[in-house]
2 protein chains.
Amino acid sequence: MIEDLKLFSRLAGMTAPTDPAPSAVKSRLLDLMVALGTAHWQDYAATAAQHGLTSVQARLLAQVTAPVPMRGLAEQLGCDASNVTGIVDRLQARGLVVRESDERDRRVKNVVATDEGLATIQRIRAEMQATHTALDALTEDERVTLYALLERLRPGLENRD
Amino acid sequence: MIEDLKLFSRLAGMTAPTDPAPSAVKSRLLDLMVALGTAHWQDYAATAAQHGLTSVQARLLAQVTAPVPMRGLAEQLGCDASNVTGIVDRLQARGLVVRESDERDRRVKNVVATDEGLATIQRIRAEMQATHTALDALTEDERVTLYALLERLRPGLENRD
DNA sequence: TATTGTTATACTCTATAACTATA
DNA sequence: TATAGTTATAGAGTATAACAATA
């Protein structure tokens, strides 16, 4: 199967000894990541929409399996803290999360998913059809290889300035 | 280097012969893709923001290297046609795109990037620092392998309903 | 004083529906 | 009639600035 990957690499035309530009691989890989990232994101948003949620609401919901302060949610979502108020308001109005006052610091409010909230986020995760179809196109060994490569991409990609 | 990947797969704990659940790989890979997709998307949005553009404006700009009708842009962006009017309005007000009336069908308006628009989208592409840093963590051979795997993910991921 | 959460404001993106000008 | 683009509207996400309660 590893041999298959070698063959695939050759077929992709990326390792041709006549290729003069070594950065061409990185350049094409970047374009591919943009394209797949967009498609994957649209799959996520569309699946969340089937449950009446926006993509940001789904992301927040996925991060409150344990209690998280509003401020922490803002950091995790990469948005200003003032936005979290409204997002949590709408999720709370639908009974998917609750706000709990922190006993040790009464300024803090912790957000945590209800049982229905947990069930919803699990369903969304299971119903991302395009992503599941894409992953099913790979063999188990190929998925392992892909996982290892992506795991190495993680540190550089997640280090925020 | 392929041997390194095998080692990596082992270290990731995904191929342990005692693993009873074959779907565990797919499940963890899905979570990883969500995490990396989000990080990559934030990198894209942040880089576009450095040029005063939203992520949608940057995406539209990247798609008008050749003239495209408003209707076609709506399909490519996956949004309603009515939204494209405003997005193009704002890009046009900044001199990054122009509208050209189609001569064969006077209902149609084709959008095309100006020289400044082309330069802007190329800069954004080059300045996605987190993504570049992530890709630099891989060897050239590993990038080739990753490219081949992602290319196989593409059909499933991009097939819209 | 500093921090947490909230409110007020303005801008952008989004879908829906109705309109116009072409075909 | 059907289609391309636009406008009007309402809801949601976003950042900025200012505020109350608490530390």
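In what follows, chains carry the letters A, B, and so on, assigned in the order in which the sequence lines appear, proteins first and then strands, with residues in each chain numbered from 1.
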Which part of the nucleic acid does A/Thr54 contact within heavy-atom distance under 4.0 Å: base, sugar-phosphate only, or nothing?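 Since only primed, P, OP1 and OP2 atoms lie under 4.0 Å of A/Thr54, the category is sugar-phosphate.
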
Does B/Arg59 reach a base, just sugar-phosphate, or nothing at all? Heavy atoms under 4.0 Å.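 It contacts nothing in the nucleic acid.
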
Does anything in residues 61-84 of chain B come within less than 4.0 Å of DNA chain D? Heavy atoms only, and list the residues if so.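 Going residue by residue through residues 61-84 of chain B, the ones with a heavy atom under 4.0 Å of DNA chain D turn out to be B/Pro69, B/Met70, B/Arg71, B/Ala81, B/Ser82.
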
Ignoring backbone atoms, test whether B/Arg90 places a side-chain nitrogen or oxygen under 4.0 Å from the OP1 or OP2 oxygen of C/dC11.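 Checking B/Arg90 against C/dC11: no side-chain N or O falls below 4.0 Å of OP1 or OP2.
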
Shared-cluster residues of B/Val108, by chain and number - hydrophobic side chains joined below 4.5 Å: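 Cluster partners of B/Val108: none, it stands alone.
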
If only side-chain N and O atoms count, and only distance matters, is there a donor-acceptor pair under 3.5 Å linking B/His51 with B/Glu127?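 Yes.
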
Can you name the residues that form a salt bridge (Lys or Arg N to Asp or Glu O under 4.0 Å) with A/Arg71, not counting sequence neighbours?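 A/Arg71: no salt bridge (Lys or Arg N to Asp or Glu O under 4.0 Å) contacts found.
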
Taking only residues two or more places apart in sequence, or in another chain, which ones meet B/Asp80 in a salt bridge (Lys or Arg N to Asp or Glu O under 4.0 Å)?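 If we apply the salt bridge (Lys or Arg N to Asp or Glu O under 4.0 Å) test to B/Asp80, skipping adjacent residues, there are no hits.
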
Which whole-number value in Å describes the distance from [X] [atom1] to [N] [atom2]?
X	N	atom1	atom2	answer
B/Trp41	C/dC13	CH2	P	12 Å
B/Leu60	C/dT12	CG	P	15 Å
B/Gln57	C/dT14	CD	P	10 Å
A/Gln42	C/dT14	CD	C1'	13 Å
B/Lys109	C/dT20	NZ	C1'	10 Å
A/Ile87	C/dG5	CD1	C1'	14 Å
B/Asp102	C/dA23	CG	C1'	12 Å
B/Leu53	C/dC13	CG	P	10 Å

Of all the heavy-atom pairs spanning B/Leu150 and A/Leu36, show the shortest one and how long it is.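 Minimum heavy-atom contact is O-CD1, 3.4 Å.
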
Atom of B/Leu135, atom of A/Met33 and distance for their closest heavy-atom approach: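 Distance-wise, the nearest heavy atoms are CD2-SD, 3.6 Å.
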
Looking only at side-chain atoms of A/Val108, point me to the closest of D/dG13, D/dA4, C/dG5.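 Closest nucleotide to the A/Val108 side chain: C/dG5.
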
Quick one, B/Thr38 with A/Trp41, criterion side chain to side chain contact (heavy atoms under 4.5 Å, CB included). Give me CA distance, side-chain angles, the key distance, then yes/no. CA-CA 8 Å; B/Thr38 299; A/Trp41 184 254; 3.8 Å; yes

Extract from the structure each pairing of a protein N or O with an N or O of nucleotides 18-23 of chain D at less than 3.5 Å, listing the distance.
from: D/dA23; atom 1: OP1; to: A/Arg106; atom 2: N; distance (Å): 3.1

For A/Leu53 and A/Thr120: C-alpha separation, side-chain torsions, deciding distance, then whether side chain to side chain contact (heavy atoms under 4.5 Å, CB included) applies. CA-CA 10 Å; A/Leu53 297 181; A/Thr120 300; 4.0 Å; yes

Any salt bridge (Lys or Arg N to Asp or Glu O under 4.0 Å) pairs touching residues 90-101 of chain B, not counting sequence neighbours?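 Qualifying pairs: B/Asp89-B/Arg99.
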
